[in-house]
Number of protein chains: 2
Amino acid sequence: MSHQSQKSCMASARRISGLLRENGLRATKGRAEVLALFFETGKPLAQRQIMEMLRLKLDRASVYRILNAFTAAGVIHMAYVDGRHRVYELPDRCSGRSCHPHFSCRSCGMTACLEDFKVHSQGTLGKGFVAERQKVLIEGLCPDCTEGKK
Amino acid sequence: MSHQSQKSCMASARRISGLLRENGLRATKGRAEVLALFFETGKPLAQRQIMEMLRLKLDRASVYRILNAFTAAGVIHMAYVDGRHRVYELPDRCSGRSCHPHFSCRSCGMTACLEDFKVHSQGTLGKGFVAERQKVLIEGLCPDCTEGKK
DNA sequence: CAATATATGCGATAGAGTTGCAATAAGCAG
DNA sequence: CTGCTTATTGCAACTCTATCGCATATATTG
Ligand SMILES: [Mn+2]
Ligand SMILES: [Mn+2]
Ligand SMILES: [Zn+2]
Ligand SMILES: [Zn+2]
């Protein structure tokens, strides 16, 4: 590993610790690494995937607790439920009530973020209701599975 | 119970059996009653609720199998996941790719169908993708919980 | 009504997620 | 840097949803 990349890793590590503390979370090694995984991959992650990607050893329960703490603090949010797995992601590509949609293939289970797909909602929720977030999941067939069905 | 309502129950029962057979499903007593519950309540139901509402005795596993069979046949569909519970409903108020949205309160977990809330999506999924259904879940606070937060 | 294929009951099992408790480590004052 | 305080972690047990294998029951068909 070069000096350069080592420096950028250090900087990144400090940035992540800062982000944790800004959100009222103690910057532990486990939390820093889990949060780093979200930044490095840029993809939605479930507890299972996180466990497999971790260099540092972390207990299952700790990862679940970290994901819950992050969600409560707003550092991540739950993107969608894939089968029985809860899948989380950074809320960076979401603004206010319009979160980006996700796609899920009903045949193979493949999922993807839909960055260019826009969803406009209109209507009233009723007196007293407050909308904070809008989750959209498009279900259908992915390219591989449409081929197979021909 | 009056003659009238008994007649209408009978008619309803025959209609439900017919609907099951039309969709390639054997019209068993268990299936008929579960499907009747969806029609009678008109509400989204989870396995737990169904178990509690059943007059007829049905095993847990059977209810799960019935819900899976109904979903595969398109008689019902999964509306959303409430915590760990899968919640199903009749697809009657959905047309093509535009299913009606649902609301979920992040504080108390209360959920509701949003009949008057319209969602228009635009954009392309990419070559080979086929969109079949669009699930929308609005998360926020219900009237009871907005009161409490004041 | 009998034959056949499917659905159900029952018990065991899988798997995601949570919890209690003792040990550990982060944050902070000195 | 050091020790104190408190939040976090590891571990194991546990909860709960959902699934599965297999023997039995039941719907459908002729
Ligand atoms: Mn996403
Ligand atoms: Mn609904
Ligand atoms: Zn696919
Ligand atoms: Zn509420």
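All of these numbers come straight from a predicted model, not from anything done at the bench. Residue numbering restarts at 1 for every chain, and letters A, B, ... go by the order of the sequence lines.
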**Student:** Tell me the interatomic distance from A:Glu33, atom CD, to C:dA26, atom P, rounded to whole angstroms.
**Tutor:** 14 Å
**Student:** Are B:Arg60 and C:dT8 close enough that a side-chain N or O sits under 4.0 Å from OP1 or OP2?
**Tutor:** no
**Student:** Verify the distance criterion only: is there a donor paired with an acceptor across the side chains of B:His120 and B:Gln134 at less than 3.5 Å?
**Tutor:** no
**Student:** Does any non-hydrogen side-chain atom of A:Met110 lie less than 4.5 Å from one of A:Ser104?
**Tutor:** no
**Student:** Would you say a side-chain N or O of A:Arg86 is under 4.0 Å from OP1 or OP2 of C:dA16?
**Tutor:** no
**Student:** For the pair made of CZ in A:Arg31 and P in D:dG10, what is the distance, rounded to whole Å?
**Tutor:** 12 Å
**Student:** A:Arg26 side chain: which of D:dA7, C:dT8, C:dA16 is closest?
**Tutor:** D:dA7
**Student:** Out of C:dT8, C:dA26, D:dT19, which has the shortest distance to the side chain of B:Asn68?
**Tutor:** D:dT19
**Student:** What is the distance from CG of A:Leu56 to P of C:dA25, rounded to the nearest Å?
**Tutor:** 11 Å
**Student:** Mapping B:Asp59 and B:Arg48 onto DNA chain D by nearest heavy atom, which one lands closer to the 5' end?
**Tutor:** B:Arg48
**Student:** Assess the residue pair B:Tyr80 and B:Thr111 against the criterion (side-chain hydrogen bond (donor to acceptor under 3.5 Å, both in side chains)); give the C-alpha distance rounded to whole Å, side-chain angles, the decisive distance to 0.1 Å, and a yes or no.
**Tutor:** CA-CA 10 Å; B:Tyr80 55 91; B:Thr111 57; 2.7 Å; yes
**Student:** Check whether any side-chain nitrogen or oxygen of A:Tyr64 sits under 4.0 Å from OP1 or OP2 of C:dG17, and answer yes or no.
**Tutor:** yes
**Student:** Under 3.5 Å, side chain of A:Glu52 to main-chain N/O of A:Gln49, donor-acceptor pair present?
**Tutor:** no
**Student:** Determine: side-chain N/O of B:Ser62 to OP1/OP2 of C:dA7, distance under 4.0 Å, yes or no.
**Tutor:** no
**Student:** Please report the distance, rounded to the nearest Å, between CD in A:Gln47 and C1' in C:dG15.
**Tutor:** 11 Å
**Student:** Kindly state whether the ring of A:Phe70 and the ring of A:Tyr88 have centres lying under 6.0 angstrom apart.
**Tutor:** no
**Student:** Checking contacts here: which listed nucleotide (C:dG27, C:dG17, D:dC20) is nearest the side-chain heavy atoms of A:Arg21?
**Tutor:** C:dG27
**Student:** Should A:Arg84 be listed as having a side-chain N or O under 4.0 Å from OP1 or OP2 of D:dT17?
**Tutor:** no
**Student:** Does B:Glu139 use its side chain to pair, donor to acceptor, with the backbone of B:Cys105 at less than 3.5 Å?
**Tutor:** no
**Student:** Could you tell me whether A:Ala61 contacts a base, only the sugar-phosphate backbone, or nothing, with contacts defined as non-hydrogen atoms closer than 4.0 Å?
**Tutor:** base
**Student:** Using atom NZ of B:Lys57 as one end and atom C1' of D:dT24 as the other, report the distance to the nearest whole Å.
**Tutor:** 17 Å
**Student:** Could you give the CE-to-P distance, from A:Met51 to C:dA16, as a whole number of Å?
**Tutor:** 11 Å
**Student:** Let's see if you can work this out: which of C:dG17, D:dC20, D:dG10 has an atom nearest to the side-chain heavy atoms of B:Arg65?
**Tutor:** D:dC20
**Student:** Measure the distance from CG on A:Leu25 to P on D:dT6 and round it to the nearest whole Å.
**Tutor:** 19 Å
**Student:** Would you say B:Thr28 places a side-chain N or O within less than 4.0 Å of OP1 or OP2 belonging to C:dT6?
**Tutor:** no
**Student:** Looking only at the side chain of A:Leu58 (C-beta and beyond, no hydrogens), which of the listed nucleotides D:dT17, D:dT9, D:dC11 gets closest?
**Tutor:** D:dT9
**Student:** Let me know the distance between CG of A:Leu20 and C1' of C:dA25, rounded to the nearest Å.
**Tutor:** 15 Å
